[in-house]
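Letters go in sequence order (proteins before strands), and every chain restarts at 1.
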2 protein chains.
Amino acid sequence: MQRSVQTTSTTAPAMPAHAQVYLRLRDMVLYGDLTPGQAVTIQGLTERLSAGMTPVREAIRRLISQGALESRGNRRVSVPLLTAADISEIIVAREWLDPYLTRQAMTCLTAADIDALTRLDRALDGAIRQGDLRAYLHLNHQFHLHIYKLAQSPILSDLAEGLWLRFGPSMRVLCGRMGTQNLPDNHKQTLIAMQAGDADAAAAAIQADVRQGMDQLRASLSEGADYE
Amino acid sequence: MQRSVQTTSTTAPAMPAHAQVYLRLRDMVLYGDLTPGQAVTIQGLTERLSAGMTPVREAIRRLISQGALESRGNRRVSVPLLTAADISEIIVAREWLDPYLTRQAMTCLTAADIDALTRLDRALDGAIRQGDLRAYLHLNHQFHLHIYKLAQSPILSDLAEGLWLRFGPSMRVLCGRMGTQNLPDNHKQTLIAMQAGDADAAAAAIQADVRQGMDQLRASLSEGADYE
DNA sequence: CAATATGTAATTTGATCATATTGTCGCCGC
DNA sequence: GCGGCGACAATATGATCAAATTACATATTG
């Protein structure tokens, strides 16, 4: 037997294996290592992640309960294929949640916070220039996650983060289609509004960002029919 | 060893044990068999539910990811103690979600649906008269769940249902304090509005119901300090 | 004669359990 | 009061059992 996920010196001081597996699997969902509709097997993941069966089972179960994976009736698990109706629901939810969390974040925003967001956005620009799709997805996600964190609203942030898990795989497909050169970046308006201390403008900018991205997603879904 | 969760003739034709354990544990959270702050141990549940360890582990993990349980750092799990800030977030979320889902439900509401809701509310009245706290909690939950289902918005319904898991234990404490005689029932206005086909009024009635219940919860929490 | 449908066998995969391992907490002696 | 020691609970593994899908072979029909 392999020496499992044994802490390779510095990697994981005290993080249980199921948590590590969860994080890795979640990232696979978020950043497109799994395509919509793809089957997810326990044994496949035990090999791919060289982890035991129990941690993988728990991670999968956790992601199912978050909507990142779906359990087809007969003990088979797969990455959900979003319908247009699903996307519409996610749009409704995000168009409400994201501006709300942005306003919350604005109530206690420091210059350092804006700096951190600006750095993230600059890194995002770099990823776009280099056509690094995975970095783009990651940094875009980080940008919004950072706002959620600043809002200091753990429950609402949980809801918002959960939505990302649902559209992650489809977003990857969309961006893959658009080509790596003309990926959108609508964060500039948000940063300007934040620097001006204008909560209304910041919320509106975030809402526009969300709507733009999600609308593209829905359009891509309906025109591309099913991707496989 | 006991004969496990073997299908006792008719009970479970093809439901895996982990699903059964999850449902039972979820109901324990929702209807107050667990009190806020209470510790939840795996081995305790394997005995109480006479189930194996693996199904219990998975059910607990699932409920943690939904916010129904929380994992304190050191491999200890407990029922969350809500803070006033937590309640405020839940209020914000429900005041938006529940009216929205009500409006959605109104778009395709049949007379049979209203009948079903009316029956649920009548049963709720009965539970109040008899002072049956558990039935009250269950039927009140069912009433709102039914509206969610009618909205045919699986993702937003998921979000709303998840919130119930968070305040379930605290709600039980609140209702236990209020005494079993004067439990609130604000569903009448909703039913009237639905019969009139007035979506605005129905949404407003639901919002009032949510706000009233949740405000009491917050008040109970802040005055009662911590309950144990 | 060929092609499709059907029923069975085999392999793959999921579910559950018993057990070994590890980390945490409480206690006792120093 | 502090550090090691023992008990307990959680984590993780591999094995075992059961289910389901797949493949294949046979039979039947056009």
note: B:Glu47, atom CD; D:dA9, atom C1'; distance rounded to Å ~ 12 Å
Rounded to whole angstroms, how far apart are CZ on B:Arg72 and C1' on D:dA10?
16 Å
Whether B:Thr107 side chain and B:Ala105 backbone form a donor-acceptor pair below 3.5 Å
no
Does one side chain, of B:Asp158 or B:Tyr148, offer a donor that lies under 3.5 Å from an acceptor on the other?
no
Under the side chain to side chain donor-acceptor pair (under 3.5 Å) rule, what do A:Asp113 and A:Thr110 come out as? Steps first, then yes or no, please.
CA-CA 5 Å; A:Asp113 296 329; A:Thr110 70; 3.0 Å; yes
Identify the residue among B:Thr46, B:Val56, B:Ile60 that makes a side chain to side chain contact (heavy atoms under 4.5 Å, CB included) with B:Val21.
B:Val56
Would you say the rings of A:His187 and A:His144 are close, in the sense that their centroids are separated by under 6.0 Å?
yes
When both distances are under 3.5 Å in a Watson-Crick or G-U wobble arrangement, the nucleotide paired with C:dA9 is D:dT22
Short heteroatom pairs, N/O only, protein and nucleotides 11-15 of chain C, under 3.5 Å:
{"from": "C:dG14", "atom 1": "OP1", "to": "A:Ile42", "atom 2": "N", "distance (Å)": "3.1"}
{"from": "C:dG14", "atom 1": "OP2", "to": "A:Ile42", "atom 2": "N", "distance (Å)": "3.2"}
{"from": "C:dG14", "atom 1": "OP2", "to": "A:Gln43", "atom 2": "N", "distance (Å)": "3.4"}
{"from": "C:dG14", "atom 1": "N7", "to": "A:Gln43", "atom 2": "NE2", "distance (Å)": "3.3"}
{"from": "C:dG14", "atom 1": "N3", "to": "A:Arg75", "atom 2": "NH2", "distance (Å)": "3.4"}
{"from": "C:dA15", "atom 1": "OP2", "to": "A:Arg57", "atom 2": "NH1", "distance (Å)": "2.8"}
{"from": "C:dA15", "atom 1": "OP2", "to": "A:Arg57", "atom 2": "NH2", "distance (Å)": "3.4"}
{"from": "C:dA15", "atom 1": "OP2", "to": "A:Arg61", "atom 2": "NH2", "distance (Å)": "3.4"}

